[in-house]
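Read the structure below first, then the notes.
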Amino acid sequence: MSKRKTPSSENNTNYDFCEFLIELANYERNVNRNIYKYNAYRNAANTLAAYPTRIKSGEEAQKLKGIGAKIAKKIDEFLQTGKLQKLEKIREDDDSTAINLLTRVSGIGPAKAKELVDANIKSIEDLKKNKGKLNHHQLIGLKYFEDFEKKIPREEIKRIEDFIKTEIDELDSEYKITVCGSYRRGKAESGDIDVLITHPSYNSKDGSKKKSHLLKNVVEVLKSKKLITETISLGDVKFMKTCKNHSEGCVARRLDIRLIPQDQYYLGILYFTGSDLFNKNMRAHALEHGFTLNEYTLRVAGEPVKITSEEDIFDYIGYPYKQPSERN
DNA sequence: ATGTGAG
DNA sequence: ACTCACATA
């Protein structure tokens, strides 16, 4: 999974326009720190992505909501020349490419990247010479810069899954463990490993009770067994770190472990299995039928519905059940 | 309390 | 879209 989101893609006759608009949007956000222009370009891209027919001129596009004279002009230029002067310049610009590079380091976002570039730190090499400017998370991102961009083969995740299940079962057999994300959707490779755990003693209703030890204990075991080698962050419910798999030539991986209250487990699994687009569509369907669906609860008229399986959620909102592999 | 970053 | 963790002030 990459850090940047690329939304509008398939069966979109205006895909090429959307592409350059999104590139411009990212430039405005990451380099100029102008969130308004960013939103304007994103809006325009979404409008064009939803438009059923091929746009033939800027004039035609300008009739659409969110597209004004400036974007219309760019569409004309793109139609006539196949490219944009402005984008060509941006792609050549030193600071702009440096910011795009630095932003690929986990923990470095647009703000930090800009700060670094302003201090004339523009490459991974420069970063290594200026570790003092980085926080804990960013240091790990730098250390494993290459590793974290490598995809994780399905078989490796499977081995890690089995390992975690075995070790945790030994710790406390009442834990339930599910590996979600694209792995659960059956993909041959994934960007990271997303593990959801729950325990019968942890319920969203017993509120104030601190249950963080349930997550910490798991992390401790996996640390002692050398699966977890570094911790990026460790909160009460969410935990991210890197793990090394000895048999895989020591590539560091991102492992994300979340503790979910038992009564919200299936909603969590649904949410973290994705895909993003699938979730979006399913939530939209829920809304149309008077439900609200999020990561934690399914509600009818504000009242939470009791869920005891993933199928339950589909049943309640009248959405045809889809196997994880059909949610791509 | 606020900004940042991740997912 | 929304929430969480962390680092500052």
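Chain identifiers are assigned alphabetically (A, B, ...) following the order of the sequence lines, protein sequences preceding nucleic acid strands; residue numbering begins at 1 within each chain.
Residue pairs meeting the side chain to side chain donor-acceptor pair (under 3.5 Å) criterion with at least one partner in residues 63-81 of chain A, sequence neighbours excluded, do not occur; the list is empty. Every pair passing side chain to side chain donor-acceptor pair (under 3.5 Å) that includes a residue from residues 132-141 of chain A is listed here, sequence neighbours excluded: S106(A)-H137(A).
Between D194(A) atom CG and dT3(C) atom P the separation is 18 Å, expressed in whole Å. Taking atom OH of residue Y271(A) and atom P of nucleotide dT3(C), one finds them 10 Å apart after rounding to whole Å. If you take NZ of K280(A) and P of dA1(C), they are 7 Å apart, rounded to a whole angstrom. Remark: P of dG3(B) and CZ of R29(A) are 17 Å apart, rounded to the nearest angstrom. Between the CZ atom of F148(A) and the C1' atom of dA6(B) there is a distance of 13 Å, given to the nearest Å. Nucleotide dT3(C) holds its P atom 9 Å from the CD atom of E295(A), rounded to whole Å. One can place CD1 of I108(A) at 15 Å from C1' of dA7(C), the figure rounded to the nearest angstrom. dC2(C) atom P lies 17 Å from atom CG of L270(A), rounded to whole Å.
Within residues 254-266 of chain A, the residues having any heavy atom under 4.0 Å from DNA chain B are, by residue number, R254(A), D256(A), R258(A).
With dA7(C), dG5(B), dA6(B) as the choices, the nucleotide that has an atom nearest any side-chain atom of N135(A) turns out to be dA7(C). Across dG7(B), dA7(C), dG5(B), the shortest atom-to-atom separation from the side chain of D192(A) is found for dG7(B).
Of the side-chain N and O atoms in Y296(A), one or more sit less than 4.0 angstrom from OP1 or OP2 of dC4(C).
The aromatic rings of F314(A) and F278(A) are tilted relative to each other, their planes meeting at an angle between 30° and 60°.
Judged by distance alone, with hydrogens and angles left aside, the side-chain atoms of S275(A) form a donor-acceptor pair with the main-chain N or O of R327(A) at under 3.5 Å.
Across all strands shown, L234(A) has heavy atoms under 4.0 Å from sugar-phosphate atoms exclusively, and none from any base.
Interatomic distance, L48(A) CG to T13(A) OG1, rounded to the nearest 0.5 Å: 9.0 Å. Between L214(A) atom CG and L259(A) atom CG the span is 5.5 Å, to the nearest 0.5 Å.
Proximity of I307(A) to Y316(A): side-chain heavy atoms (C-beta onward) are separated by under 4.5 Å at one or more points.
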